There are 2 protein chains.
Amino acid sequence: MDEFAAMSGISRPTLSKYFNDPTSVRSSTRQRIESALADVDYRPNMYAINQNRRMTNNIGIVVPYLADPFFAEIARVMEQHVIDAGFRPVLLGSHGLPSQEIENLDNLRLVKPAGVLLAPLGRTSELDRIADFCADVPTVFFDANIEPLGEAFSGSDNMQSIGLIVDYLCRTGEPPVFFEMKTPSNPNAYKRRNAYVAAMERLGQEPHLVQVEGEGWDFENIGFTGAQAVLSSRGLPSNTLLCSNDRLAIGLLAAAYQLGFRVGQGEGCALRVAGHDDHPFSRYTCPALTTVSQDYSAIATRAAEVLFGIIESGHRPDQKLESHFEGRLIMRGSA
Amino acid sequence: MDEFAAMSGISRPTLSKYFNDPTSVRSSTRQRIESALADVDYRPNMYAINQNRRMTNNIGIVVPYLADPFFAEIARVMEQHVIDAGFRPVLLGSHGLPSQEIENLDNLRLVKPAGVLLAPLGRTSELDRIADFCADVPTVFFDANIEPLGEAFSGSDNMQSIGLIVDYLCRTGEPPVFFEMKTPSNPNAYKRRNAYVAAMERLGQEPHLVQVEGEGWDFENIGFTGAQAVLSSRGLPSNTLLCSNDRLAIGLLAAAYQLGFRVGQGEGCALRVAGHDDHPFSRYTCPALTTVSQDYSAIATRAAEVLFGIIESGHRPDQKLESHFEGRLIMRGSA
DNA sequence: TAAAAAAATTAACGCGCGTAAAAAATAAAT
DNA sequence: ATTTATTTTTTACGCGCGTTAATTTTTTTA
């Protein structure tokens with residue numbers, strides 16, 4: 001930067017101001033800088049900047065599992081919002097590991113972010129460590145909430161969305177059984193289970209839970225092997241299965257196909273299967289998966305909006321703001 | 001670090017040595033440091049370290065598209081190898097954008113990596129910028145090669161793997177038509193096309209290419225819409241389709257299902273479909289996808305091995321080392 | 001055109017660490 | 001108990017930038 005200052009004839013503090021915010025210098029000097037920039041390709045070192053600024057324009061985005069297309073997609077949407085607002089996204093995935101989640105937060109600290117958007121692992125998260133982090137850095141949760149922590153939450157209204165699909169399934173056929181993991185990794189699983197039970201009771205139906213074994217984030221495989229056992233035992237009280245999420249449903253559909261169960265609403269179908277999330281791949285299952293979509297865009301927009309508001313105003317809200325967005329029924333072939 | 005030096009009674013340069021390599025200090029001092037570390041949780045600032053060390057133990061990993069489970073998976077394997085070798089992985093995805101790929105390399109420069117493992121976008125990559133980077137940082141390519149660049153390449157032997165599945169398909173039924181994108185994003189697509197043509201000619205069969213429209217990385221959708229057109233026109237010279245990659249096949253299978261084509265090898269099946277890659281989801285298609293696997297682990301191991309060798313020896317090889325690993329036939333239901 | 005306001009420059013310090021050289025302390029070898 | 005080899009400490013500088021305060025220059029306003 002010293003060299004560039006020498007060759008451009010602009011003092012280093014002015015350059016520093018310019019790179020922080022180009023509009024903060026007189027337009028004539030800005031032009032001088034930009035024409036010098038056209039000759040040599042100088043770019044300030046991001047890490048040296050991070051080290052010195054009290055606060056940067058970095059915004060951390062942390063998701064539980066980047067290899068899950070659902071999180072990859074919502075992270076992508078988040079990133080775009082952050083860029084559009086003039087901030088710099090720093091995307092990190094936790095590989096489903098609580099230790100990695102803490103590691104990510106520790107690494108984020110070093111970047112001195114203006115704020116972070118955090119989709120926590122949930123059940124397995126190390127709450128006290130996350131609480132420490134939230135005390136230092138403005139944090140907005142999305143996808144999954146950790147009740148007392150953070151400035152805000154933006155996510156789906158599981159009660160509404162599960163209610164929606166339960167209503168639909170009951171209206172158009174046998175009431176659904178709920179297909180889920182016994183000890184779910186997914187943080188929304190318990191809410192969905194409760195929402196299912198509530199919806200069934202509201203409709204005067206008896207809820208049934210089918211809980212399959214399995215650990216980790218390989219949901220398709222867990223759904224597949226779980227479904228093999230459940231379907232071949234033929235002990236199901238209903239021909240309709242509502243899965244806690246689409247990835248379980250994808251595994252279930254594969255098992256059903258291999259066992260010769262015909263899935264769908266029409267005549268001659270032995271099974272109806274529905275999911276939740278509108279996972280990027282749910283369009284391509286056979287039959288295509290009936291599910292309820294999460295409003296990715298609204299969730300991302302609200303989370304980003306709230307965080308930007310906090311950053312610009314400079315002080316945190318007294319009360320945690322919670323936004324729950326409704327899901328939409330996506331009717332396809334499977335139910 | 002100064003504070004920690006004061007409280008632990010160890011001088012800062014010694015601490016600096018310790019954090020760089022714990023075995024480089026006398027074991028008695030190491031114990032003193034570690035017991036002090038147990039009291040206060042001090043950790044050196046990674047970015048300050050990167051700024052000052054001539055070279056770090058960071059290793060960059062760049063893939064074309066992190067939201068593609070195939071790359072997410074191979075990146076995960078790479079990361080693990082890097083960690084096991086005592087280095088620190090820095091994972092970056094290019095979102096399918098050449099500009100992002102360059103941006104990633106520019107950002108990596110700031111971290112002063114000991115080396116980088118690069119899966120390039122291929123066709124659309126900005127070659128001269130990548131060449132600049134390779135001149136400065138030891139780079140090993142994987143998945144896709146850029147002929148004259150980098151110290152080494154580790155990837156699949158497309159000629160062998162496509163040959164394998166073409167052989168299989170010809171042996172067990174009608175010779176396959178090759179289903180691909182007209183202007184593929186995937187860097188291996190051209191090699192696979194050529195391998196298909198070569199394999200067919202070797203077997204005395206006439207090659208047929210079905211090239212569908214579409215840009216970008218939403219391969220399932222491109223396969224789906226392309227297949228709808230192709231299948232309903234019924235102008236196929238064969239009942240067997242070999243897809244350039246599994247994601248196209250996933251879209252194709254969904255289209256076939258919706259149009260009522262029965263896919264598989266048995267009696268009453270109208271279509272056979274095969275893919276390439278053994279994509280994480282290919283087990284869960286209906287029917288499960290017959291494909292040829294890439295040896296993720298071997299590819300990752302070799303790429304990492306070669307890079308570590310270069311880093312440790314301190315000088316680059318005179319000649320580029322190219323490793324091509326054979327694929328394995330994964331026989332499932334679809335062909 | 002002089003005074004006031006805004007912007008840029010100079011000079012100097014700080015961030016959190018790496019690193020080099022010389023001096024001092026400790027351990028190993030004789 | 002010496003000598004020698006190995007570690008550690010002291011001292012000081014550097015990395016690439018942010019930031020502040022005092023000063024000078026430029027622009028705006030009256």
Side-chain angles (χ1 to χ4, degrees), chain A residues 1-37 40-58 87-88 106-114 136-137 314, chain B residues 1-37 40-58 87-88 106-114 136-137 314:
Chain A
M1 194 160 186
D2 261 323
E3 291 175 33
F4 183 67
M7 78 140 281
S8 65
I10 308 271
S11 74
R12 201 171 62 73
T14 305
L15 288 178
S16 181
K17 275 195 73 180
Y18 168 83
F19 285 115
N20 184 16
D21 175 10
T23 67
S24 68
V25 301
R26 203 187 293 150
S27 69
S28 60
T29 49
R30 189 184 336 160
Q31 280 172 22
R32 284 209 295 157
I33 294 173
E34 273 157 11
S35 77
L37 230 37
V40 297
D41 65 327
Y42 165 78
R43 284 177 50 185
N45 183 316
M46 202 58 67
Y47 297 105
I49 291 176
N50 289 342
Q51 185 169 148
N52 294 301
R53 267 215 259 278
R54 309 198 186 300
M55 180 192 292
T56 66
N57 63 351
N58 295 321
F87 292 90
R88 230 181 75 89
D106 282 344
N107 282 332
L108 273 178
R109 267 200 163 94
L110 301 180
V111 185
K112 295 177 189 164
D136 297 342
V137 181
Chain B
M1 195 161 185
D2 262 322
E3 291 174 34
F4 183 66
M7 79 138 281
S8 65
I10 308 271
S11 73
R12 201 170 63 71
T14 305
L15 288 179
S16 181
K17 276 195 75 178
Y18 168 84
F19 285 115
N20 183 18
D21 175 11
T23 68
S24 68
V25 301
R26 202 188 292 150
S27 69
S28 60
T29 49
R30 192 186 335 164
Q31 281 172 22
R32 284 209 294 156
I33 294 173
E34 273 156 11
S35 77
L37 231 34
V40 297
D41 65 327
Y42 165 78
R43 284 177 49 185
N45 183 316
M46 202 59 67
Y47 297 105
I49 291 175
N50 289 342
Q51 183 167 149
N52 294 302
R53 264 215 259 279
R54 309 197 186 301
M55 182 192 290
T56 66
N57 64 351
N58 296 321
F87 292 89
R88 228 181 75 90
D106 282 343
N107 282 332
L108 273 179
R109 266 202 165 92
L110 302 180
V111 186
K112 294 177 191 164
D136 297 342
V137 182

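Naming convention: chains lettered A, B, ... in sequence-line order (proteins, then strands); numbering from 1 in each chain. Just so it is clear, the structure is predicted and the values come from calculations on it, not from any experiment.
Remark: P of D:dC17 and CD of A:Gln51 are 11 Å apart, rounded to the nearest angstrom. Spacing between atom NZ of A:Lys112 and atom C1' of D:dT19 amounts to 12 Å, rounded to whole angstrom units. Atom-to-atom, NZ of B:Lys17 to C1' of D:dT10 comes out at 16 Å; the value is rounded to the nearest Å. Between B:Asp2 atom CG and D:dA12 atom C1' the separation is 13 Å, expressed in whole Å. A straight line from CZ of A:Arg43 to C1' of D:dC17 spans 15 Å, rounded to a whole angstrom.
A distance of 11.0 Å separates CE in A:Met1 from CD1 in A:Ile10, rounded to the nearest 0.5 Å. With rounding to the nearest 0.5 angstrom, the CD atom of A:Glu34 is 12.0 Å from the OG atom of A:Ser8. The CG atom of B:Asn45 sits 11.5 Å away from the OH atom of A:Tyr47 when rounded to the nearest 0.5 Å.
Think of the region where chain A sits on DNA chain C: with heavy atoms and a 4.0 Å cut, that region ends 5' and 3' at C:dA7 to C:dG16.
Applying the Watson-Crick and G-U wobble criteria (two distances, each under 3.5 Å), D:dC13 pairs with C:dG18.
Applying the 4.0 Å criterion to OP1 and OP2 of D:dG18, one finds that A:Ser16 has a side-chain N or O inside that range. At the phosphate of D:dC17, OP1 or OP2 sits under 4.0 Å from a side-chain N or O atom of A:Tyr42. For the OP1/OP2 pair of D:dT8 and a distance below 4.0 Å, the side-chain nitrogens and oxygens of B:Thr14 include no atom meeting the criterion.
Between the side chains of A:Tyr42 and A:Glu3, no donor-acceptor pair is found at a separation under 3.5 Å.
Residues passing the salt bridge (Lys or Arg N to Asp or Glu O under 4.0 Å) test with A:Asp21, sequence neighbours excluded: none. A search for salt bridge (Lys or Arg N to Asp or Glu O under 4.0 Å) contacts involving B:Arg26 returns nothing, not counting sequence neighbours. Remark: B:Arg88 engages A:Asn107, B:Met46, B:Asn57, B:Asn58 in a side chain to side chain contact (heavy atoms under 4.5 Å, CB included) (not counting sequence neighbours). Annotation: side chain to side chain contact (heavy atoms under 4.5 Å, CB included) contacts of A:Asp136 (sequence neighbours excluded): A:Arg109.
Applying the 3.5 Å distance criterion, the base of D:dG18 shares no donor-acceptor pair with the side chain of A:Asn20.
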Test side chain to side chain contact (heavy atoms under 4.5 Å, CB included) on B:Asn50 and B:Leu110; report intermediate values, then the result.
CA-CA 8 Å; B:Asn50 289 342; B:Leu110 302 180; over 6 Å; no

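Residue A:Asn45 places its side chain closer to D:dC17 than to any other of D:dG14, D:dC17, D:dT9.
Applying a 4.0 Å cut-off to non-hydrogen atoms, the residues of residues 26-34 of chain B that approach DNA chain D are B:Arg26, B:Thr29, listed by residue number.
Toward the 5' end of DNA chain D, the nearer of the two residues B:Arg12 and A:Met46, judged by each one's closest nucleotide, is B:Arg12.
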